[in-house]
Amino acid sequence: MARCGELVEEDDEYAKLVRRMNPPSVVIDNDSCDSATVIRVDRVKKHGILLEAVQVLVDLNLIITKAYISSDGNWFMDVFNVTDQDGNKVQSKEVTDCIKKCFESEDYLVPPASGLDGGGEPSEETTCIELTGTDRPGLLSEVCAVLASLSCNIVNAEVWTHDKRAAAVIKITDEATGLPVRDGGRLSQLQELLCNVMQGDSDGEGDRKGSTAVSLGAAHAERRLHRLMLDDGDGDAGGRGEELGGVVPAKAKAKVVVMDCTERRYTVVILRCRDRPRLLFDTLCALTDLHYVVFHGTVDAEGGSTKEAYQRLWLQEYYVRHVDGHPVRCDAERLRLVRCLEAAVERRASDGLELEVKTEDRAGLLSEITRVFRENSLSIIRAVITTKDGEADDTFYVTDAYGNPVDGKAMETLGEQLGHAVLRVKSNSRAAIKRAEDGGGGGAASIIGNLLKGSFQGFRLIRSYS
């Protein structure tokens, strides 16, 4: 019998027998809770399996409002309260069938044996590029220009920045054929050029230089971004550096407390911050990548309804041990755990103006869009790039070159240069557009309203948070 804290090994024949005799089970209950669908999952404990379960739910665009995690020996029982994006119970049979299929599969929740550690099924329909390096204004524009010059089409991409560092997972195909780029010479040239872009001048970064990796297929992009930024040292440095060459935007920082539970040989991790989508996923990514196993835990939101996510405070409490069976053993390990959890929460909490560009996809489109941003002194602090059925749907979080809110005149110029592209603007209380330089009142909503009547072609205001 494995000791408490040890992992169930894949080559342990007894463990395999136990799993066959007691396969994973899931119960989806829409009756016991008035405000959410309750999902109960029982299965054999395995390192990372909790994260994989949460990944299934968030990839189905479900909102986790509460979670209870408990283990007994080699068994885990997880309970999730979930809703759809509108705060309603999950009624779709297609979604519930997918949940049951995923959770009751013995293989689905186990990270595949691939060259890219991080979970999620790899796809061989694209070539994947992973980048890390020093963040600077115009970096994404330079990357897109290199890809366009080598006739590579960006199918999907995610870009994150934090603490002066940037990471990206980009999936590309050959522009002419729509197939993955497989030619060795072309891939070598691509890697060399991108490596030069990501290296930058490396001033003040010591040994933290840029890196570039190219492979066929890709693991889960967000999962990889967390791992890339952790491996790049994000969260290890003391304090917060300057971001984007200027002042760090005021983010809703997480409050993390790490305590000892000596009598049970656990480390207690308590995290409290403002709620946002995928927060639980981001937290578990950090714990898993730091090789901690969650034995017990509760996750709940304080205040507000499920439809008021940005007004709620999210409280997470975990009882953890390192995979070697020990709790946190020294102050240095404790400090690193705190900083890495803070970094994992902050990477996705973008304090920028959210711009959504929806238009017909074409060769070089992303290169043109990012060039316009760069020429108007806008810095991209996070980006989600997707294409489907010939349509480009790109979301950018932008600030000015110094990390400040975007100026109204810059938005007017941006609209003129993007022309026929459909541009949607979203602003929230943390990142509103600055008032126009002429002193006109009305704040962000007024400026956006004026732009609607101005030079934006196809411009539509979706939503404005005051």
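Keep in mind the model is a prediction, meaning the values are calculated, not measured.
Proximity of L62 to I99: side-chain heavy atoms (C-beta onward) are separated by under 4.5 Å at one or more points. Looking at heavy atoms from C-beta onward, I39 lies in side-chain contact with L57 at the 4.5 angstrom threshold. Side-chain contact between V269 and L341 is present, with heavy atoms from C-beta onward closer than 4.5 Å. For the pair I129/L131, a side-chain contact is recorded, criterion being any heavy-atom separation below 4.5 Å from C-beta on. A 4.5 Å side-chain heavy-atom check between T83 and N88 finds every atom pair outside the cut-off. Taking 4.5 Å as the limit, every side-chain heavy atom of E354 sits out of range of all side-chain heavy atoms of R382. Inter-residue side-chain proximity for I270 and Q316 is flagged as unmet; no heavy-atom pair is nearer than 4.5 Å. Looking only at side-chain heavy atoms (C-beta outward), I154 and C144 come within less than 4.5 Å of each other.
The minimum heavy-atom distance linking A148 with S367 is given by the pair CB-CB, 4.1 Å. Shortest non-hydrogen contact noted between S141 and T370 is CA-OG1, 3.4 Å. Shown here for T65 and D300, the closest heavy-atom pair between the two residues is O-OD1, 3.8 Å. A pairwise comparison of heavy atoms in E391 and T359 identifies OE1-O, 3.4 Å as the closest pair. Contact between A344 and A286 at its shortest, heavy atoms only, is CB-CB, 3.7 Å. Residue R165 comes nearest to M229 through the heavy atom pair O-CE, 3.8 Å, listed as atom of the first residue, atom of the second, then distance.
Going from atom CD1 of I170 over to atom CG of L147 covers 5.5 Å, rounded to the nearest 0.5 Å. The CG atom of D394 sits 4.0 Å away from the CD1 atom of I385 when rounded to the nearest 0.5 Å. Considering CD of E52 and CD1 of I49, their distance stands at 8.0 Å, rounded to 0.5 Å. For the atom pair L279 CG and L284 CG, the distance stands at 9.5 Å (nearest 0.5 Å). If you take CG on D389 and CD on E360, they are separated by 12.0 Å, rounding to the nearest 0.5 Å. Rounded to the nearest 0.5 Å, atoms CG (D78) and OG (S71) are 9.5 Å apart.
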So N153 and V155, side chain to side chain contact (heavy atoms under 4.5 Å, CB included) or not? Walk me through it. CA-CA 6 Å; N153 182 51; V155 178; 4.3 Å; yes

Side chain to side chain donor-acceptor pair (under 3.5 Å) evaluation trace for R321 with H326: CA-CA 5 Å; R321 293 186 189 132; H326 294 281; over 6 Å; no

Candidate pair I381 and V398, rule side chain to side chain contact (heavy atoms under 4.5 Å, CB included), full reasoning: CA-CA 6 Å; I381 58 177; V398 301; over 6 Å; no

Quick one, L287 with Y318, criterion side chain to side chain contact (heavy atoms under 4.5 Å, CB included). Give me CA distance, side-chain angles, the key distance, then yes/no. CA-CA 10 Å; L287 291 172; Y318 303 106; 3.9 Å; yes

Which is it for R339 and E346 under the salt bridge (Lys or Arg N to Asp or Glu O under 4.0 Å) test, yes or no, and what are the steps along the way? CA-CA 11 Å; R339 287 176 173 168; E346 291 172 11; over 6 Å; no

Quick one, N30 with T37, criterion side chain to side chain donor-acceptor pair (under 3.5 Å). Give me CA distance, side-chain angles, the key distance, then yes/no. CA-CA 5 Å; N30 266 322; T37 298; 2.4 Å; yes

Under the side chain to side chain contact (heavy atoms under 4.5 Å, CB included) criterion, do T387 and D393 qualify, and how do the steps go? CA-CA 6 Å; T387 58; D393 188 350; over 6 Å; no

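Salt bridge D31/K89: absent, no basic N to carboxylate O contact under 4.0 Å. The pair R224-E158 does not count as a salt bridge, with every side-chain nitrogen at least 4.0 angstrom from each carboxylate oxygen. Using a 4.0 Å cut-off between charged nitrogen and carboxylate oxygen, D260 and R265 do not count as a salt-bridge pair. The residues E222 and R278 are annotated as salt-bridged, a charged nitrogen and a carboxylate oxygen being separated by less than 4.0 angstrom. One finds a salt bridge joining R40 and D29 here, because a Lys/Arg side-chain nitrogen approaches an Asp/Glu carboxylate oxygen to under 4.0 Å. Look at E130 and R227 and you find no salt bridge, because none of the NZ, NE, NH1 or NH2 atoms lies under 4.0 Å from a carboxylate O. Using a cut-off of 4.0 Å between Lys/Arg side-chain N and Asp/Glu carboxylate O, R223 and D59 are scored as not salt-bridged.
Here the rule is salt bridge (Lys or Arg N to Asp or Glu O under 4.0 Å) with R347, and of D232, D135, D282, D234 only D234 fits it. Of the listed residues (V54, L271, L280), just one forms a side chain to side chain contact (heavy atoms under 4.5 Å, CB included) with V299, and that residue is L280. Of the listed residues (K100, K101, K93), just one forms a salt bridge (Lys or Arg N to Asp or Glu O under 4.0 Å) with D97, and that residue is K93.
For R329, the CZ atom counts as densely surrounded, since its 6.0 Å shell holds more than 12 non-hydrogen atoms of other residues, nucleotides or ligands. The environment of Q191 atom CD is dense: over 12 non-hydrogen atoms of other residues, nucleotides or ligands sit within 6.0 angstrom. Within a 6.0 Å radius of CD in Q85, other residues, nucleotides and ligands contribute more than 12 heavy atoms.
Judged purely by atom type and a 3.5 angstrom limit, T267 uses its side chain to pair as donor or acceptor with the backbone of V328. Panel note: side chain T395, backbone V384; no donor-acceptor pair is recorded below 3.5 Å. With T126 contributing its side chain and C128 its backbone, the two residues share no donor-acceptor pair below 3.5 Å. Remark: side-chain polar atoms of T288 are not paired, donor with acceptor, to backbone N or O of C285 under 3.5 angstrom.
For R186, the side-chain contact (heavy atoms from CB on, under 4.5 Å) partners two or more places apart in sequence, or in a different chain, are S151, C152, D174, V181, D183. Partners of T132 under the side-chain hydrogen bond (donor to acceptor under 3.5 Å, both in side chains) rule, at least two apart in sequence or in another chain, are S211. Residues passing the ring-ring contact (aromatic ring centres under 6.0 Å, His included) test with F281 are H220, sequence neighbours excluded. For Y319, the side-chain hydrogen bond (donor to acceptor under 3.5 Å, both in side chains) criterion is met by no residue, not counting sequence neighbours. Taking the ring-ring contact (aromatic ring centres under 6.0 Å, His included) definition, one finds that F396 meets it with F373, sequence neighbours left out. Annotation: ring-ring contact (aromatic ring centres under 6.0 Å, His included) contacts of Y397 (sequence neighbours excluded): none.
Proximity of the aromatic rings of H296 and Y68 is defined here by a centroid distance below 6.0 angstrom, and this criterion is not met.
By the 30° and 60° cut-offs, the orientation of the rings of F80 relative to F103 is tilted. By the 30° and 60° cut-offs, the orientation of the rings of H226 relative to W160 is perpendicular.
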